[in-house]
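First the structure, in the form of structure tokens, and then the observations on it.
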Amino acid sequence: MTEQSDSGPARRVNGVVLDDTAKRIIEVLQEDGRRSYAAIGKAVGLSEAAVRQRVQRLLESGVVQVVGVTDPMTLGFNRQAMIGVRTTGDLNTAADAVSGVEGVEYVVITAGSFDLMVEVVAEDDDKLLDILANIRGIDTVASTETFLYLKLRKQTYAWGTR
């Protein structure tokens with residue numbers, strides 16, 4: 001690995017070297033995931049082919065995922081919630097089981113009063129109740145606490161690469 005002038009040494013993540021150029025490509029994609037390889041190349045100083053190859057490696061390694069982000073309520077998902085989950089047994093096993101529940105969009109293993117924080121998106125209260133019942137039906141789930149979203153004020157995934 002080589003030393004980089006701005007952010008220190010390059011790191012290898014899932015077989016991909018995250019040097020300053022890779023980080024800049026990620027930042028450009030976070031600004032606009034639809035930007036062409038040629039435009040990204042101009043921004044980072046690489047050819048279109050080199051950018052295409054680097055982006056493909058980032059995608060295949062799971063370092064980057066390019067998706068369209070929406071406000072779920074505008075698409076008819078009128079109930080969103082964060083659910084705090086307390087578990088028994090192995091946290092990874094519990095997290096994997098909860099991750100498999102339809103309607104669960106985000107699962108984080110946490111420290112504090114909850115073992116997991118789970119974000120869910122549902123069409124209505126009945127669907128939310130179904131999701132909760134499925135989560136509570138998992139053997140390693142001891143208890144849940146639901147925090148309903150009233151309005152989405154900010155949703156961004158452009159935190160950069162620091």
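Here Leu91 pairs with Thr87, Ile109, Asp115 under the side-chain contact (heavy atoms from CB on, under 4.5 Å) rule; sequence neighbours left out.
The hydrophobic cluster containing Phe114 does not contain Ile135, counting ILVMFWY residues as joined when their side-chain heavy atoms lie under 4.5 angstrom apart, directly or transitively. Note: the hydrophobic cluster containing Met82 does not contain Leu150 (ILVMFWY, side chain heavy atoms under 4.5 Å, direct or indirect links). Linking Ile, Leu, Val, Met, Phe, Trp and Tyr residues whenever their side-chain heavy atoms come within less than 4.5 Å leaves Ile83 and Val108 in two separate clusters.
Sparse packing is recorded around CG of Asp139, with 12 or fewer heavy atoms of other residues, nucleotides or ligands lying under 6.0 Å away. The number of heavy atoms from other shown groups lying within 6.0 Å of CZ (Phe147) is above 12.
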inquiry  = Run Leu128 and Asp130 through side-chain contact (heavy atoms from CB on, under 4.5 Å) and show every step you take.
reply    = CA-CA 5 Å; Leu128 177 59; Asp130 290 343; over 6 Å; no
query = Is there a salt bridge (charged side-chain N to carboxylate O under 4.0 Å, His left out) between Arg52 and Glu48 once you walk through the steps?
reply = CA-CA 6 Å; Arg52 182 181 299 109; Glu48 178 179 345; 3.0 Å; yes
query = Does the side-chain contact (heavy atoms from CB on, under 4.5 Å) test come out yes or no for Arg136 and Thr144, once each step is laid out?
reply = CA-CA 7 Å; Arg136 290 176 179 159; Thr144 64; 2.8 Å; yes
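Taking a cutoff of 4.0 Å between a charged side-chain nitrogen and a carboxylate oxygen, Glu31 and Arg35 qualify as a salt bridge.
None of Leu29, Ile40, Val44 except one satisfies the side chain to side chain contact (heavy atoms under 4.5 Å, CB included) rule with Arg24; the exception is Val44. When each of Gln53, Glu60, Arg54 is checked for a side chain to side chain donor-acceptor pair (under 3.5 Å) with Gln56, only Glu60 meets the rule.
Sorted by first and then second residue, the salt bridge (charged side-chain N to carboxylate O under 4.0 Å, His left out) pairs involving residues 77-100 (not counting sequence neighbours) are Arg79-Asp125.
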